[in-house]
Amino acid sequence: MKALLKQKEISILAIILLIGAVLSFVSPVFLTIGNFLDIIEGNVVIGILAIGMTLIIITSDIDVSVAALTTAVAVSIGYLFTFLPDSWISVLLLFLIAPVIGLVMGLINGLLVSIIEIPAIVVTLGTLNIIAGLVLYITNGNYVNSTNFPQSFMAFANYELLGLPILIYLLAVVAIGTWFILKHTLIGRSVLAIGGNTQSSVRVGIDYKKVKLFVFAYMGFLAGIAAIAQTAYTKAVDPNGMLGLELTVIAAVVLGGANIHGGRGSIHGTLLGVLLLAIMQNGMILARIDTYWQNVVTGAIIVIAVSYDHLSYKRSQDKLAKIEVEA
Amino acid sequence: GCVAENSGSSDSGGDAEAGGESEGESVQAGGEDGLDIAVVPKLVGIPYFNASESGAIEAGEDLEVNVNYTGPTQADASAQVKVIEDLISKNVDVIAVAPNDPASVEPVLKKAKEQGIHVMDWDTPADKELVDLSVKQVDDEEFGRHMAKKLVEAMGTEEGEIAILTGGLSAANLNLWIEAAQKEFDENYPGIEIVSEKIPTEEKQQVAYQKTLDLLKSYPDLKGVLAVSTPAPLGAAQAVQEEGLQDEVSVVGSALPTDSAPFLEDGSLDTAVLWDPGKLGYLTVALGKMLAEGEMPEDGQEIEGVGEITVKEDGKTVIMGPPADFTKENAADFDF
Amino acid sequence: MKLSKESVLGLIALATFLLLAVIAPGFLSSNNINSMMFQLPEFGLIALAMMVVIVTGGIDLSITYIAALSGVGAALMLTNGYGILPAIIVAILFALACGAFNGFVVSKIGVSPILVTLGTMVLFEGIILAITKGSSISGFSEGYSLIGNGYYLGLVPLSIVIFAVFAIITAILLSKTSWGRSVYMYGSNETATLFSGVKNSRVLMKVYLYASLLAAISAIIMTSRYNSVKVDLGSSYLLQSVAAAVLGGTNIHGGYGKVIGTVYAVMIFQFIRNGLNLLGFHSSLVDVVIGAILILVLAMNFFSDKFKKIAETKNAGKAA
Amino acid sequence: MSEYILQMKDVSKTFPGVKALDNVQLEVKKGEVHALIGENGAGKSTLIKILAGIHKPDPGAKFYFEGEEAKINKPIDATLKGVSIIYQDLSLFPNLSVAENIYIGQDSNKKPWKKINWKSIKKTADKALEELEVDIDPNTTVERLSIAQQQLVEIARALAFEAKLIVMDEPTSALSSSEVEKLYKVVDKLSSRGISIIFISHKLKELFRVSDRFTVLRDGKYVGSYQAEEIDEAKLINLMVGREVSYEKNEKQVETGEVIFQVKDFYKQGNFKDISFSLKKGEVLGITGLVGSGRTELAQAIFGVNKPDSGSLKIYGKEIRIRSSADAVKKGVAYIPEARQTQGLVLEQSIINNISLPILNRMRNKLKLLDRKSEVQLAEQYIKSLDVRPALPNLPASKLSGGNQQKVVIGKWLSAQPKILIIDEPTNGIDIGAKTEIHKLLRRLANDGIGVIMISSELPEILAVSDRVLVMRHGRISGELGIQEATQEKIMNYALNSGSKKNPSEALDDTSRISQGV
Ligand SMILES: Nc1ncnc2c1ncn2[C@@H]1O[C@H](COP(=O)(O)OP(=O)(O)OP(=O)(O)O)[C@@H](O)[C@H]1O
Ligand SMILES: Nc1ncnc2c1ncn2[C@@H]1O[C@H](COP(=O)(O)OP(=O)(O)OP(=O)(O)O)[C@@H](O)[C@H]1O
Ligand SMILES: [Mg+2]
Ligand SMILES: [Mg+2]
């Protein structure tokens, strides 16, 4: 299967390269480092959320509340800014508090999914409504701009290390950390196991409820981190700013080769999925595609990409000779 | 024209707020058994309409009428119609609506009229035939042209490439302004070249920011950005600020002064053009009360708390006043 | 008590109705009842469309854009001077074309529905934008506006009659035809269904076509009611329709789902939105209540299932 | 210390509507191989699931491990007591590697953040596979393995666990006999090391080959436990079914009629080649061969779910094309797959819905609507004629025992009244009573004029039922034998040697790859 998994990710890589080739042909700016850094930095939030979503999708669940969760944490951060003193300790403290707020909300999702056994899409549709509604009710949609941000946070947001924005490191840490969890820890393997076959996992003594709890809590945890990234990136807290982002996140994960029926998915695949969507967004203006046709192009590329990917997978399956037939 | 219409989102994320079409934020103010005036914004929960809400409520207290400020949570025409239908059920005296789509509220406004409810529009015009009164903050044509002039002024040259950002492709009033601005460029500044069709930003600052980054790369000679809809100028200015292009690229757009402050400060946003949405809310309620009491406003009439208004020849279109320019110098004077 | 999931939901709908009738002023006024009947069909039809797709274990994220595109089709005809009937036919054809495209990619190429419809959602939206340039098309004939605003026999809103008819048709198709049975069987186990001589791809194709037909009917009602169409027509119904389907008892993994359950769920949503509006709730809080109900009802199902199982085991124990 | 590793006492289990176990007991001594037998649905799997902590028994049950009372509430409790279970339907993770499948569960009670030691996982897997003497790459994912290989992985897992008690629920149903032999050796080795084994199987011969003691269940009740020496096959059968059954040769219909079905030049790259044969009226055609010789692929290609690259079909002399399974049903070809749970049945759906599925179009009334009454009638008819237990037409198929599920699949295809019936491993996991019933049924169908093609790896079954035998080898037909001339030896010869340049010793090693047990 490993070979096949690779195959799946290779086909999306091929699509990215193809689009990249076209774009660098039509626009000289596309293949510049500056543009790439912009693309990546602009998708750190989606990337972090997609990484969390990968684990959930591997367990064959889905979480449509991620954008609402992230917004809720971001709003809390905006609120915290009025309390925290202007010091680097505040920034550190933020990295403690924000993930914990996210974690708690993720745990609620997780408890409802694992203990009460409500299908994840229903739970998260419900919490999406509840959280988004409460956020809107409390904030009235008013957003906080950077004049109210502590200088230390602005300094963090603008910090660059070796010429790379700090947010890119944040994404890298989340990606590598999650990859490690998935590949090298017991809980990570259990995530793959219950996605592969829940019944079997029960029989070998894996507590699948705990694992489900974990993936949703972890998603919440990452939403907390994503909220910091979002706040640092937009330098504002906008309660409406992430509306509808959950579908983009899910799209990135499934384009990256994760199977919504569970058991299959990888961090690098997901990052490729994020990259594909990001490049398409970026490319529209660079390629000077007419505004009114941009969605047609994007939609067509997605449909073609997933069809191509599926067809090449099927072909490779068919090619697998099952029996050594004598000539 | 509302400057912050949350519609026409166009990314793959689509339109995904579950249950988002819900309706009916309502705030009561004023006397117990006075007139019931319902003010329906395009949507609730965005800064612009929050500001007009406080104005409307204030007017309710000052004028002793019940103000019911309620709208959908998404700028969705059908959700807005449902809000109005529910208001008809509540039997209010006046409905003032800022339609998301003028045509789509037509049938329901007709129904309201049949029930003897006074119908008016504010912020964005509905069908002229239907409404008894139409309250506008500015003249659309004037507003669009004004922004165009301000941009040229900020650029300091009448030649060069500019780009136009919009909240969403399907926002009627934004489109009106953009058309007016384009007319202004065509007629008076032939040296200005608009590099692309208007670019949608999903009413999100972040999207405007990213698109502006892409624009700056794609069109290195870009001299100006005209950003229509409240979050768009902020995002555009943020991009300019981060790239350190304050002196090369001018940004002008419609935004609230408090939100604009950090960008006006260093010149990444040159001018924000808007009006006081609170005043607009106030005026709407004040005129609604007049309407219910059988009066009609007159040209040049002084409305307490608002100022002198203009009434057009048709006798029912009221213009609040000229647009206000918010700049580095005066932004701090405003609280909206 | 041997109440099915659906009957329990029906009781909840009834209870909601009664509760709101007591506490929400004007809820029972004929005017309000009427306006609820006008509001329900467009969403109800989309929810039914979503349900049918979910029963196959899929999901159709493009459904609201199919509706919008179909509405654009009708609008183009009407504003170009064609009559009502041709407009309706074109609306349906537009929708069927979209449905056929989804159906083709899902059933023939075999891509999973969520992926396909994520793509076509953007694609159809793009097509609408390319046609309309983002502006709305409006100004239809008086006659057309009767579909969404008129009364049947001067009594009941015509649109709710249309909805009832399609709900019944859907129920019959699902429970009484071989296509419907195949839909459920496919939703439970597509391999075994294929191995039983069922033409899976044809079954699926019909599912997407039928869903798009329902979307078209919804679009016709919406365009008629709002006298205009824009790219976001009905877009807020997307996740809501998923919510209504699952609240209605549809198994999100496929294989189970009943029309009556979805209808009850749609009614509950309608009552609550309307009632809370009348009570003057902040609209954001209405979302909160809907979200809470979704979770509560499903949690209740869980506990009652558990209870039922215990009871059954006890009974069987006694019997044995 | 007790001489028993495990004692289960007063175990009852009530499912909604069914009393699956009624005061059953099971005592397993240290180091013994203990056979658990009973008819389909007797409650064997249920008893095991209770031992495993998957099902909770009704109150009153008592468990003792090595003489000490213990509670088992969840799977990990059993694991910690040293119990390792190989389920009838396997419990593998298709998306994970063989090595990881072998290792998984070992650390279930450890801290979730424990780091995985991939090296030791590989090592453990290698060791376990070596011990089993099987050649499976530990790095491949399990979904790429054949069922037989998967079963071996399960056994390797139990080995790696160093369990004190290993339960094998029908471990040999998908194994070839060489693999079965290996398994026996492993079983012997394990028991000599003091590890106890509970062995569930319907193949009585193999049970006598490995078991020290027998516990017999009938209809969820405990019949008794017996030393292997004190009973024989006939007696066991008697205890199981309460009557005598023998595995007899079926009477042949000698006058076979016209040719009703012809397969010509079937070819599919990487699957099979040059397949041509014909089937006469009244005939049962047996197809046998080694596991993996391409029989299933061929059958599925005829049935249209797995399209061949070339080839043609004729029914009653008329050329037909089958492009899909729906075509096949329409043209009168039915196929009963070997993978009952995934391909044969829609498990969550009721028995009725399963039985009527292939012929929904015939279940319609004048209005083209489904007629529930005739569906129910149809289902009841087959439940009765095939003796499906429990006889509840509305029960979801998932709640039936393995053997009863197979009966439903057969019923489903009989209802379609096919002209040609292809049946793949018809009696896999089916008890001896039901097995002879199915054989009789196949014969009766042939007598009624239906062409029956039976794919089976069990030679006694092939010899007992077929009129003619085709032997496949590496995707080709290597031989054809009339029943009069067919013997196990001849078949084996074709299965191994047709035109083969294999050296004889290798071939000899393969001899046992077709199972010979009943
Ligand atoms: N989850 C369940 N719910 C209800 N009834 C069940 C369930 N599982 C098993 N049964 C019933 O319990 C009885 C015993 O089934 P079990 O699977 O233990 O039989 P078995 O002896 O293993 O048979 P086989 O040899 O066919 O596998 C059967 O009548 C079966 O229908
Ligand atoms: N999912 C799979 N992936 C890869 N190979 C497979 C898969 N399933 C089966 N095979 C292989 O295909 C080959 C042919 O299997 P097939 O089932 O056709 O053989 P068969 O003759 O019907 O034998 P039997 O039915 O007894 O298993 C076997 O070598 C098997 O290992
Ligand atoms: Mg069993
Ligand atoms: Mg086979």
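So you know, we letter chains A, B, ... as the sequences are listed, proteins then strands, and number each from 1. Hydrogens, waters and symmetry mates are skipped; everything else that's a heavy atom, side chains included, is used. All figures in this text were calculated on a predicted structure; none of them were measured in a lab.
- Of the atoms belonging to Val289(C), not a single heavy atom falls under 4.5 Å from chain A.
- To the nearest 0.5 Å, the span separating CD1 on Ile114(C) from CD1 on Ile250(A) amounts to 6.0 Å.
- At a 4.5 Å heavy-atom cutoff, the contact between Ile115(A) and chain C is made by backbone atoms alone.
- Summarising the geometry, atom CG belonging to Asn129(A) is positioned 11.0 Å from atom OG belonging to Ser284(C); distances are rounded to the nearest 0.5 Å.
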- Taking it one step at a time, do Leu115(C) and Val303(A) satisfy side-chain contact (heavy atoms from CB on, under 4.5 Å)? CA-CA 8 Å; Leu115(C) 283 173; Val303(A) 174; over 6 Å; no

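- The two atoms that bring Leu298(C) and Pro119(A) nearest to each other are CD1-CD, 4.0 Å, heavy atoms only.
- For Ile295(C), the parts lying under 4.5 angstrom from a heavy atom of chain A are both the backbone and the side chain.
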- Task: Evaluate the criterion side-chain contact (heavy atoms from CB on, under 4.5 Å) for residue pair Leu294(C) and Val122(A); output intermediate values, then yes/no.
- Result: CA-CA 7 Å; Leu294(C) 192 58; Val122(A) 186; 3.7 Å; yes

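- For the atom pair CG of Asp287(C) and CD1 of Ile130(A), the computed distance is 10.0 Å after rounding to the nearest 0.5 Å.
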- Output, in order, the C-alpha distance, side-chain angles, deciding distance and verdict of side-chain contact (heavy atoms from CB on, under 4.5 Å) for Leu247(A) and Met121(C). CA-CA 11 Å; Leu247(A) 287 189; Met121(C) 164 173 106; 3.9 Å; yes

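- Between Phe303(C) and Ile116(A) the shortest heavy-atom distance is CZ-CD1, 3.9 Å.
- From Trp293(A), atom CH2 reaches atom CG of Leu129(C) across 10.5 Å, with rounding to the nearest 0.5 Å.
- Using a 4.5 Å cut-off on side-chain heavy atoms (C-beta onward), Leu123(C) and Thr298(A) make no contact.
- Put simply, the side chain of Val254(A) does not reach to within 4.5 Å of the side chain of Ser112(C), judged on heavy atoms.
- A distance of 10.5 Å separates CD1 in Ile138(A) from NE2 in His282(C), rounded to the nearest 0.5 Å.
- Interatomic distance, Tyr308(A) OH to Ile109(C) CD1, rounded to the nearest 0.5 Å: 13.5 Å.
- Options Ala299(C), Gly291(C), Ala292(C), Gly134(C) differ in how many heavy-atom pairs under 4.5 Å they form with chain A, and the most are formed by Gly291(C).
- When heavy atoms are compared at a cutoff of 4.5 Å, Ile121(A) approaches chain C solely by way of its side chain, counted from C-beta outward.
- Looking at Thr120(C), the atoms closer than 4.5 Å to chain A (heavy atoms on both sides) sit in the backbone and in the side chain alike.
- Within a 6.0 Å sphere centred on OH of Tyr137(A), other residues, nucleotides and ligands contribute 12 heavy atoms or fewer.
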